[in-house]
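As structure tokens, the structure follows; a few thoughts come after it.
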Amino acid sequence: MTYVYRSIALLLALTVVASPLTAHAEWGDLNMPVGVTELSKEIHSLHMTIFWWCVAIGVFVFGWMIWSLVAFRKSQGAEPDVTMTHSTKAEIIWTVIPVVILVIMAIPAARTLIAIEDTRDTELSIKVTGYQWKWHYDYLGKDVKFFSKLDRTSDETRQLNSGLDPHAVPDYLLNVDNPLVVPEDTKVRVLLTAQDVIHAWWVPQFGMKKDAIPGTVNEIWFKVDAGKTGVYRGQCAELCGRDHGFMPIVVKVVSKQEFATWLAAQQTGATPTVASREPAPSPRG
Amino acid sequence: MANTSTVDHHDDHHAPTGLKRWLYATNHKDIGTLYLIFACTMFFLGGAMALVIRAELFQPGLQFVDPQFFNSMTTMHALLMIFGAVMPAWTGLANWMIPMQVGAPDMALPRLNNFSFWLLPFAFTLLLLTLFIPGGAPAGGWTLYPPLSLQAGDSFPLTIFAIHLMGISSILGAINVVVTIMNMRAPGMGLLNMPLFCWTWLITAYLLIAVMPVLAGAVTMLLTDHFFGTAFFTAAGGGDPVMFQHIFWFFGHPEVYILILPAFGVVSEIIPTFSRKPLFGYESMVYASASIAFLSFIVWAHHMFTVGMPLAGQLFFMLSTMLIAVPTGVKVFNWCATMWKGSISFETPMLFALAFLFLFTIGGFSGLMLAIVPADFQYHDSYFVVAHFHYVLVPGAVFAIMAGVYYWLPKWSGRMYSEKLGKLHFWLSTIGVNILFFPQHFLGLAGMPRRIPDYSTQFADWNMVSSIGAFVFGFSQLLFVYVIWQAVRSGEKAPARPWEGATGLDWELPTPAPYHSWDPPPTREVVAKGVAQQH
Ligand code: HEM
Ligand SMILES: [Cu+2]
Ligand SMILES: [Cu+2]
């Protein structure tokens, strides 16, 4: 058994030695974000509920296992009770109780699902098209559209053996040239499709992801809570080829006022640039 | 496992020797050994690929491989582990154990048996060759989703042909299991007297026969889309890429139970042995396995909640998926009840079975979480899913295979392995596997997508931990090979019943088991004795 202790010690030592290599420690990033939308909070609470159910069942099951392993050790002279072969009563209990727990879980899950699918009364529609390997955003009916792809600094740093330090790049791999801009407190409908292969649009803080599939249009919606302006980041979630890891999503949430100004600016001056296929890199907002 | 036959038992068979013994093998033990050695080889090749993946993910930034090659590694790793390591290992164990457990001299269809094994080396040679051709190995994921998989280069037809060969091999192996169990049971060995390993394998065999043709159909449609101008899955031609996912997962979900059901069987034999107590709820174990198999056909779309299904469809697949947790739970409870009031000892097979019990349950919990559709919109295609399926597959299926090998090795080879080294292997594996996969839950929840070669710096810490675990786990497996090698070469002679509590016909045979296992068949008294002890 000394081997075992020695290897554990070695592992811990390795981990401790290795950790300073990572500039900002994110050991605390353990759970799903609560998020900033109506739906993301509901989803987070479903996640926590099912998690605590698992913990509760786990305490019971693992407790039972550990108890057996300790109490009925042969080395402590335990004698087996070979007559204990089945019990219809027990079988019924441990079939029915899980079913009840599942029903209890299924109800709020179904309720949230229905809310997720309710895309009525949206105030702004944006068509999002996945390309290998960038996103195209089209504000439907507003005559504003542009591509959004990985920012230059990340792109240079991420090359094989670039010699550049990812830790020195702000928001490494999670930054784009042209972020999507949306207003807070507005029900935004996202229409998803793709040009070449399947991609998936995922912003964890919004609670949702959905596939962008060629030939199909999928829908999701989000409504960022009032006061939650800021920049939210995500990534393509469906394997889409070589640079699947390098097509981030950045959403800049602004006040309604700011959004109107931004939209107007895009519609007049900026339109030719942003509508071109390869937009000039603009400073990130 | 090299030289396991004892030729002195019978002299009316004309077994060739040397290379021909293996090429022309029709004996279930020889073929079982071939399968196990093959599985082990693929386990190490697939493992090497996993270590390439974890080395690249040790730190942010790209240090070792091109993203395209990285994608090939994830794709090939999965194909090798699923079709090359776990499935052949189960067929190997089935070959060794089913005749011994049902009281038969051999498998029912020995030449078919030879054929189904020898397809595999060719299948995997083709698949592995793609690593060396222009354009590289397939890189669209083991799920082969079009349109991406159709972008592959010359590797594409080779991969599909390889999958066809693997599928044929599995179907033939499954037919052999069904025929053996249905026709070759010794007099007195009723279906409900069989050890659970036979039962779970029988159910697995039906699953294989049902779904491998579905996979064959799906990849054939990909092939014709690519070469013959059809448009099953091409939107531009009126097809639907999502249809592929439905067909694939109609195969894919039963497939995951193909990987785990035999594990349920092995664990259901080891836990009673080392608890010195019959399996609790034998019949409910059989029925639970059968209901899992049935339900596995109606949950497939839980792998594709994000493709945009109608609300009713999402609700149906959420409920059916939650339901499948119920028979799974019944099994776990039965295993717990088997240990309750037992007399438990902790030899290596039992340790692996116990790790299975704890860690498979953790995988079941994350499965339950994934079933909650709204939450799955967050979990899907993140590292949380990676953590889930590795918990059920590595400390689940793979640990059960190892438990089975330690458990039956004395019967196969007539020799004991080193208990001390076996335990060391156990502890290194168990600690390694948790350091490797537990942090991946955190990574997924924090937002790290799966199948990416590089990540933002917020994910750096847990990735590093995970990679350290991967190397510990990976290299510990060399010890496994050494322990077996040492046992077969120079282990102590094993008694006929090395485990005090072992019951069943397999343990009524002399050690090492004779070349033609039960020839003549066991008498009714022997069968009755084997059966009576079991439940
Ligand atoms: C309690 C029982 C289980 C439930 C409720 C369950 C549920 C799920 C769900 C919902 C997913 C899809 C997650 C996603 O992609 O968003 C999934 C993925 C997966 N599960 Fe399970 N699971 C269970 C047991 C198992 C078992 C026993 C195995 C195999 C031994 C398994 C293997 C897998 C695999 C391989 C995947 C991922 C496939 C891929 O996308 O590459 N699961 N599971
Ligand atoms: Cu992608
Ligand atoms: Cu599934």
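Worth knowing before you read on, the calculation uses all heavy atoms, side chains too, and leaves out hydrogens, waters and symmetry mates. Each chain gets a letter, A, B and so on, in the order the sequences are listed, and its residues count up from 1.
- The distance from the CG atom of A/Leu173 to the OG atom of B/Ser456 is 7.0 Å, given to the nearest 0.5 Å.
- When side chains are defined from C-beta on, B/Lys277 does not count as touching A/Thr85, because their heavy atoms never get closer than 4.5 Å.
- Of the residues listed (B/Leu368, B/Thr321, B/Leu319), the one engaging A/Leu102 in a side-chain contact (heavy atoms from CB on, under 4.5 Å) is B/Leu368, and it is the only one.
- Between A/Phe62 and B/Phe358, the ring planes are parallel. Angles under 30° get that label, and only those over 60° would be called perpendicular.
- The contact between B/Phe64 and chain A is made entirely by backbone atoms, counting heavy-atom distances below 4.5 Å.
- Atom NZ of B/Lys341 has 12 or fewer heavy atoms from other residues, nucleotides or ligands within 6.0 Å.
- Using a 4.5 Å cut-off between heavy atoms, A/Trp202 contacts chain B through its side chain alone, with no backbone atom that close.
- Here the CG-OG1 distance, from A/Leu239 to B/Thr143, works out to 7.5 Å after rounding to the nearest 0.5 Å.
- For a residue to count as touching a neighbouring chain, one of its non-hydrogen atoms must lie under 4.5 Å from one of that chain's; by this rule A/Ala200 does not touch chain B.
- Heavy-atom distances place no part of B/Ala236 under 4.5 Å from chain A, backbone and side chain included.
- With a 4.5 Å cut-off on non-hydrogen atoms, A/Leu39 does not touch chain B at all.
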Is there a side chain to side chain contact (heavy atoms under 4.5 Å, CB included) between A/Phe51 and B/Met369? Walk through the geometry before answering.
CA-CA 7 Å; A/Phe51 171 73; B/Met369 297 173 74; 3.9 Å; yes
Test side chain to side chain contact (heavy atoms under 4.5 Å, CB included) applied to B/Gln63 and A/Leu160, step by step:
CA-CA 6 Å; B/Gln63 290 84 23; A/Leu160 187 57; 5.8 Å; no
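- Heavy atoms closer than 4.5 Å to chain A are found in the side chain of B/Pro453, but not in its backbone.
- Of the atoms belonging to A/Ile213, it is side-chain heavy atoms, and not backbone ones, that fall under 4.5 Å from chain B.
- Atoms CG and OG1, on A/Asp211 and B/Thr306 in that order, are 3.5 Å from each other to the nearest 0.5 Å.
- For B/Val242, the part sitting under 4.5 Å from any heavy atom of chain A is the side chain, from C-beta outward, and nothing else.
- A/His47 has its side chain within reach of B/Leu445: a pair of non-hydrogen atoms, C-beta onward, lies under 4.5 Å apart.
- Using cut-offs of 30° and 60° for the angle between ring planes, the B/Phe333 and A/Trp94 rings count as tilted.
- Contacts of B/Ser275 with chain A are made by backbone atoms alone, with heavy-atom separations under 4.5 Å and no side-chain atom involved.
- Proximity of A/Tyr172 to B/Gln458: side-chain heavy atoms (C-beta onward) are nowhere separated by under 4.5 Å.
- Atom NE2 in A/His199 sits 8.5 Å away from atom CG in B/Leu148 (nearest 0.5 Å).
- B/Phe280 has its side chain within reach of A/Glu91: a pair of non-hydrogen atoms, C-beta onward, lies under 4.5 Å apart.
- Proximity to chain B is absent for every atom of A/Asp165, based on heavy atoms less than 4.5 angstrom apart.
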Does the pair B/Tyr379 and A/Met32 meet the rule for a side chain to side chain contact (heavy atoms under 4.5 Å, CB included), with working shown?
CA-CA 9 Å; B/Tyr379 309 138; A/Met32 184 189 287; 3.4 Å; yes
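- Contact of B/Pro146 with chain A is made through the backbone alone, with heavy-atom distances under 4.5 Å.
- Contacts between B/Leu150 and chain A at a heavy-atom distance below 4.5 Å are absent for every atom of the residue.
- Heavy atoms closer than 4.5 Å to chain B are found in both the backbone and the side chain of A/Ser87.
- Interface remark: A/Phe246 contributes side-chain atoms only to the contact with chain B (heavy atom separation under 4.5 Å).
- Within the 4.5 angstrom heavy-atom criterion, atoms from both the backbone and the side chain of A/Leu69 approach chain B.
- Between the side chain of A/Lys209 and the backbone N or O of B/Phe377, at least one donor-acceptor pair lies under 3.5 Å.
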Salt bridge (charged side-chain N to carboxylate O under 4.0 Å, His left out) for A/Glu79 and B/Arg276? Distances and angles first, verdict last.
CA-CA 9 Å; A/Glu79 287 293 328; B/Arg276 294 165 180 76; over 6 Å; no
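- The contact between B/Val330 and chain A is made by backbone and side chain atoms together, counting heavy-atom distances below 4.5 Å.
- Going from atom CG of B/Asp381 over to atom CD of A/Gln235 covers 12.0 Å, rounded to the nearest 0.5 Å.
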Please assess B/Asn334 against A/His86 for the test side chain to side chain contact (heavy atoms under 4.5 Å, CB included), listing each intermediate value before the final yes or no.
CA-CA 9 Å; B/Asn334 277 330; A/His86 67 274; over 6 Å; no
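- Interface remark: A/Thr95 contributes backbone and side-chain atoms alike to the contact with chain B (heavy atom separation under 4.5 Å).
- Residue B/Met318 touches chain A through its side chain alone, counting heavy-atom pairs closer than 4.5 Å.
- Heavy-atom distances place no part of B/Phe384 under 4.5 Å from chain A, backbone and side chain included.
- Of the possible polar contacts, one joining the A/Asn218 side chain to the B/Val307 backbone as a donor-acceptor pair under 3.5 Å is found.
- Between the CD atom of B/Gln378 and the OG atom of A/Ser40 there is a distance of 7.5 Å, given to the nearest 0.5 Å.
- In this structure, the side chain of B/Asn71 engages the main chain of A/Gly241 through a donor-acceptor pair within 3.5 Å.
- For a residue to count as touching a neighbouring chain, one of its non-hydrogen atoms must lie under 4.5 Å from one of that chain's; by this rule A/Gln159 touches chain B with the backbone only.
- A/Lys74 places a side-chain heavy atom less than 4.5 Å from the side chain of B/Glu500.
- For the pair A/Met65 and B/Leu354, the minimum side-chain heavy-atom distance is 4.5 Å or more.
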